[in-house]
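Whatever order the structure lists them in is the order used to number ligands and atoms, beginning at 1.
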Amino acid sequence: MKLSELGAFELLPMIKRKEVSVEEATVGILNKIKAVDRDIQAYITVTNEHALQRAKEADLRLNEGKPPRPLEGLSVAIKDNICTKGIKTTGASVYLEDFVPPYDATVVRLLEDAGAIIVGKTNLDELAMGSSTESSAMFPTKNPWDLQRVPGGSSGGSAAAVIADEAVFALGSDTGGSIRQPAAFCGIVGLKPTYGLVSRYGLIGYASSMDQIGPMTKNVRDCAMLLNVIARHDPKDAQSYTGEPVDYTQFLIPDINEVIVGVPKEFLNKGLSKSVKDAFMKALNKLEGLGAKVVEVSLPHSDHALAAYYVISSAEASSNLARLDGIRYGYRAAGCEDSASMTAISRGKGFGSEVKRRIVLGTHILSKGNFEKYFNDALKIRSLIFRDFEKIFKECTCLVCPSSPTVAFRIGEKIRDPLEMYLSDVYTVPPNLAGLPGISIPCGFDEEGMPIGLQIITKQFDEATLLQVAYTFEQATDFHKKKPQLQKYDCGSESTRGDRNV
Ligand code: GLN
């Protein structure tokens, strides 16, 4: 097995025992990026020099006899809507193409302090709005399992980088499914933590009442390791959880004998593809075989979840993005007569069509009259969905459903039909509306070899149970061990963008 293929849990002890230097491990990943990223295009920026410098510093520390840190020498990819001091953070938008943040997001600081090495910033749908990474203003990322298909979105670059061994693990952000859906499409593990568990400070805000940063990893163990480091109270985020830090790795026990698994009956109807349904049914049998009790439950208001989500998220996005006015930072149109036209022209040219659609929709929803009509109703639905979950968790330990109704679709297949695209989020949106944690883990492949994800949801701040159920399933299956055959691709083709420092 090559060094770049190792997960965090396997690589960390080797670094600790000095069988592998941090520099060797980092170079292994950077070489992998060089070999495959021209085709996959997971990265917007590769931080070669920064990474090598940090790796040398880490080796120096270890050679001085300093104790290894929790993520010592592990290469991490950061979604490009998370601020990194001195490293471009574009949000995959023309608007922020040259934005170099003067500060680190809290998660970035925590990762670097824990010894992780940032190898680059990954592609996303512009400002995290989308489900395929096709609305990136830079280029679409390709799914490593089939380069004709999307990796999902919006954290598609992070998911593709992890499955292609272009990073040991990655951070994504999830407002309506952007960690779990690409994790499912690429065959990796993706966790959206409980709202408030991980600091949002330094995340470019999309819909602030739902945004969460979370781990995207090769397996559940790595996910717990990464969560251990980033789940910390942060006074810089007003919604940050004030509880004590938890060691999530202690819940990696393969035992679900006491677990009651709820299956929402509304989630198994129209829109669900046959291959995903088949894999999901097999996963349910597996969970039962492992000792869990499976029961049918109902989420009666889930039919309205998607509509409520797009009303609330667009309204919040239009308000969040008002700060991008062409004055303080970001893209500024030249030669305008006054500041109002400068702002209008800058925004017109700087944003892509999906972002503009959300701003127009959000502004309309927040206008007088419509606010009461649409926004308030969406909030009511949100409360009802919250209560549906509350009721279910009185009887069930967790809920399970597919992560997405289909496997990864083809590039170009849905981009012209926003409503069709929005349907990819039908199973991932309800936990965001209710602030609940959700994880996607690999649970099968379709007849064309594309990965399928299983979503597990628990009550708020019960990541421990979430990880235990996920771990038990993972240990009893082999889906997470399968890899795309990257070598069969021609890694020498030209990148569509020459300035990526790859
Ligand atoms: N696809 C959803 C949207 O476009 C979710 C995005 C996200 O979670 N950031 O809003």
- [ ] Output the list of atoms in ligand 1 that are nearer than 4.0 Å to some heavy atom of Asp174, sorted by atom number.
- [x] 8 (O)
- [ ] Pick, from Ala207, Ser178, Ala317, Ser314, the option with the minimum heavy-atom distance to atom 9 (N) of ligand 1.
- [x] Ser178
TODO: State the atoms of ligand 1, each with its element, that fall below the 4.0 Å cut-off from a heavy-atom position in Ala128.
DONE: 6 (C), 7 (C), 9 (N)
Open item on the list: Hydrogens and angles aside, do Lys79 and Thr122 bring a side-chain donor and acceptor to less than 3.5 Å of each other?
Closed with: no
- [ ] Output yes when the distance from some N or O of ligand 1 to some N or O of Gly176 is under 3.5 Å, and no in every other case.
- [x] yes
- [ ] Could you tell me whether Asp388 and Lys391 have a side-chain N and a carboxylate O separated by less than 4.0 Å?
- [x] no
TODO: Give the numbers and elements of all ligand 1 atoms closer than 4.0 Å to a heavy atom of Ser154.
DONE: 9 (N)
- [ ] Kindly say whether the aromatic ring centers of Trp145 and Phe445 come within a distance under 6.0 Å.
- [x] yes
TODO: Using a strict cut-off of 4.0 Å, indicate which atoms of ligand 1 neighbour a heavy atom of Gly177.
DONE: 8 (O)
Open item on the list: Please list the nearest protein heavy atom to atom 5 (C) of ligand 1 with its residue and the distance rounded to 0.1 Å.
Closed with: Tyr309 OH, 3.3 Å
Open item on the list: Taking distance alone, with N or O pairs closer than 3.5 Å, would you say Met129 contacts ligand 1?
Closed with: no
- [ ] Looking only at distances, please establish whether an N/O atom of ligand 1 is found under 3.5 Å from an N/O atom of Tyr206.
- [x] yes
Open item on the list: Centre-to-centre under 6.0 Å for Phe351 and Tyr331, is that the case here?
Closed with: no
Task: Nitrogen or oxygen atoms of Thr175 and ligand 1 under 3.5 Å apart - done: yes
TODO: For Gly130, counting its heavy atoms only, list the atoms of ligand 1 lying under 4.0 Å from any of them.
DONE: 1 (N), 2 (C), 3 (C), 4 (O), 6 (C)
Open item on the list: Is the terminal nitrogen or CZ of Lys414 (NZ for Lys, CZ for Arg) located under 6.0 angstrom from the six-membered ring centre of Phe409 and within 45° of that ring's axis?
Closed with: yes
Task: Cation-pi geometry met for Lys236 and Tyr201 (6.0 Å, 45°) - done: yes
- [ ] Would you kindly specify which portion of Arg358 sits under 4.0 Å from ligand 1, judged on non-hydrogen atoms: side chain, backbone, both or neither?
- [x] side chain
Open item on the list: Taking distance alone, with N or O pairs closer than 3.5 Å, would you say Ser131 contacts ligand 1?
Closed with: yes
Task: Residues Asp165 and Lys483 bridged, charged N to O under 4.0 Å - done: yes
- [ ] Would you mind listing which atoms of ligand 1 come within a distance below 4.0 Å of any non-hydrogen atom of Tyr310?
- [x] 1 (N), 2 (C), 3 (C), 4 (O), 10 (O)
Open item on the list: Strictly below 4.0 Å, N to O, side chains only: are Lys121 and Asp80 in salt-bridge contact?
Closed with: yes
Open item on the list: Counting non-hydrogen protein atoms only, what is the nearest one to atom 2 (C) of ligand 1? Give residue, atom name and distance.
Closed with: Asp425 OD2, 3.1 Å
TODO: Tell me, yes or no, whether the heavy-atom count around Glu420 atom CD, taken from other residues, nucleotides or ligands under 6.0 Å, exceeds 12.
DONE: yes
- [ ] Tell me which part of Tyr422 gets within contact of ligand 1: side chain, backbone, both or neither, using heavy atoms under 4.0 Å.
- [x] neither
TODO: Would you mind checking if Glu134 and Arg416 are paired as a salt bridge, meaning a charged N to carboxylate O distance below 4.0 Å?
DONE: no
